[in-house]
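For reference, the structure is listed below as structure tokens.
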Amino acid sequence: MRYDLVIFDNDGVLVDSEPISNTLLAAYLTELGHPTSYEESLRDYMGAAMHRVHDLVEERTGQRLPGDFDDVFHARVFAAFERELESVAGVVQVLEKLTADGVPYCVASSGSHERIRVGHRKTGLDRWFDDARIFSSQDVGRGKPAPDLFLHAAARMGVPPRKCVVVEDSPLGVRAANAAGMDVLGYTAMTPADRLAGATQLFGDMGQLADLLV
């Protein structure tokens, strides 16, 4: 293994949540008078912390989202997760191999701690991620594309950035990993390869990931 730490993004990499959350986000923004398509939500907000939604809407319209926007949105997302969320196909096999090989891994997500844990409980991934392996943009001052979250995760796990690899599916996440000085494997299952062009290497099937880590 050429890396001492594998850092997973969560949404779209560990749990197949991006279609659910972006469908709901587009619908909620449209409901509030900010017409947004599913494709636009993926383009603008996939991989981002919630503050990006607030910032972009205000920048584009001069209007602020309601004070309870995050709470209402998360309530809708969590309800949908309980109904339909699944883990990304093949990711359990990757986690099994990392564990068998004794390779440290963690998750570093733009989502809140609550969102990460709700998704992991629903999909059974909580058996692979205890609290010491979970890092959220809530833990740092700036979310992706700033490198802060990945650097924080590496520091807490005790591994130099140059010995880390990030598994990401969003352009913001790839930019964050690059800024952190880490290799990044871009997962193209939902994101066009050209939008992840800054990745060290691209892959489209989670079954390929284990071979890319050695």
Side-chain angles (χ1 to χ4, degrees), residues 1-19 22 39 42-49 86-111 116 119 123 125 128-129 133-137 140 142-214:
M1 175 69 63
R2 55 182 166 145
Y3 300 107
D4 292 346
L5 177 65
V6 180
I7 303 176
F8 290 95
D9 175 44
N10 189 56
D11 294 292
V13 172
L14 294 176
V15 295
D16 194 16
S17 54
E18 294 291 8
N22 281 282
E39 291 75 19
L42 287 176
R43 181 195 68 200
D44 292 342
Y45 305 121
M46 183 174 167
E86 298 180 353
S87 61
V88 169
V91 79
V92 168
Q93 288 72 27
V94 175
L95 295 170
E96 287 175 339
K97 178 165 178 50
L98 292 176
T99 301
D101 292 346
V103 179
Y105 63 86
C106 65
V107 57
S109 172
S110 293
I116 297 167
T123 59
L125 291 181
W128 302 100
F129 292 91
R133 297 178 190 262
I134 297 177
F135 305 99
S136 161
S137 61
V140 295
R142 300 180 300 168
K144 306 169 190 178
D148 305 34
L149 176 56
F150 291 141
L151 293 174
H152 171 70
R156 288 290 299 274
M157 297 293 289
V159 178
R162 60 186 171 77
K163 296 295 290 180
C164 300
V165 62
V166 176
V167 184
E168 263 288 355
D169 70 335
S170 76
L172 293 175
V174 169
R175 286 169 55 193
N178 288 335
M182 300 176 181
D183 281 358
V184 54
L185 302 177
Y187 183 43
T188 61
M190 278 195 60
T191 308
D194 62 321
R195 297 200 66 212
L196 302 179
T200 309
Q201 198 164 349
L202 300 174
F203 70 106
D205 185 325
M206 195 57 70
Q208 302 172 282
L209 180 57
D211 290 337
L212 297 179
L213 295 172
V214 296

With distance as the sole test, does S136 use its side chain to make a donor-acceptor pair with the main-chain N or O of G111 at under 3.5 Å? yes
What's the spacing between W128 CH2 and T123 OG1 if we round to 0.5 Å? 12.0 Å
So CD of Q201 and CD of Q208: to nearest 0.5 Å the spacing works out to 9.0 Å
Write down the atom of L149, the atom of S110, and the distance for their closest heavy-atom approach. CD2-N, 4.3 Å
With heavy-atom distances below 4.5 Å as the criterion, would you say the side chains of D4 and P104 are in contact? no
Test K97 against L213 for side-chain contact (heavy atoms from CB on, under 4.5 Å), laying out the working first. CA-CA 11 Å; K97 178 165 178 50; L213 295 172; over 6 Å; no
G12 and V88: which non-hydrogen atoms are nearest, and at how many Å? O-CG2, 3.7 Å
Got Y105 and T99 here, is their nearest side-chain heavy-atom distance under 4.5 Å? yes
Pair R2, V165 - check side-chain contact (heavy atoms from CB on, under 4.5 Å), show working. CA-CA 9 Å; R2 55 182 166 145; V165 62; over 6 Å; no
Please report the closest heavy-atom contact between A154 and C164, naming both atoms and the distance. CB-SG, 3.8 Å
Would you say L125 and V107 make side-chain contact, with heavy atoms under 4.5 Å? no
Less than 4.5 Å apart, any side-chain heavy atom of C106 and any of F135? yes
Rounded to the nearest 0.5 Å, what's the gap from NZ on K144 to CG on D9? Could you check? 3.5 Å
Is there a side-chain contact between F8 and V94, using heavy atoms and a 4.5 Å cut-off? yes
Shortest non-hydrogen contact between A177 and V184, atoms and distance: CB-CB, 3.7 Å
So do M157 and I7 actually touch side chain to side chain, heavy atoms under 4.5 Å? no
Begin with the C-alpha distance, continue with both residues' side-chain angles, and end with the deciding distance and a verdict on side-chain contact (heavy atoms from CB on, under 4.5 Å) for V15 and N10. CA-CA 6 Å; V15 295; N10 189 56; 3.7 Å; yes
First locate atom CZ of F129, then atom CG of L14, and finally report the distance between them rounded to the nearest 0.5 Å. 4.5 Å
Pairs in or reaching into residues 174-199: which pass side chain to side chain donor-acceptor pair (under 3.5 Å), with residues at least two apart or in two chains? Y3-D183
For F150 and A176, the nearest pair of non-hydrogen atoms, with its separation, is CE1-CB, 3.6 Å
Atom pair CE/CG of M46 and D169 - distance to nearest 0.5 Å: 3.5 Å
M190 versus P19: any side-chain heavy-atom pair under 4.5 Å? yes
Determine, step by step, whether D11 and I116 satisfy the side-chain contact (heavy atoms from CB on, under 4.5 Å) criterion, reporting the C-alpha distance in whole Å, the side-chain angles of both residues, the deciding distance to 0.1 Å, and the verdict. CA-CA 8 Å; D11 294 292; I116 297 167; over 6 Å; no
Where G90 and M206 come nearest, the two heavy atoms and their spacing: C-CG, 3.7 Å
Should we count CD of Q93 as having more than 12 external heavy atoms under 6.0 Å? yes
Contact list for residues 148-161, test salt bridge (Lys or Arg N to Asp or Glu O under 4.0 Å), sequence neighbours left out: R142-D148
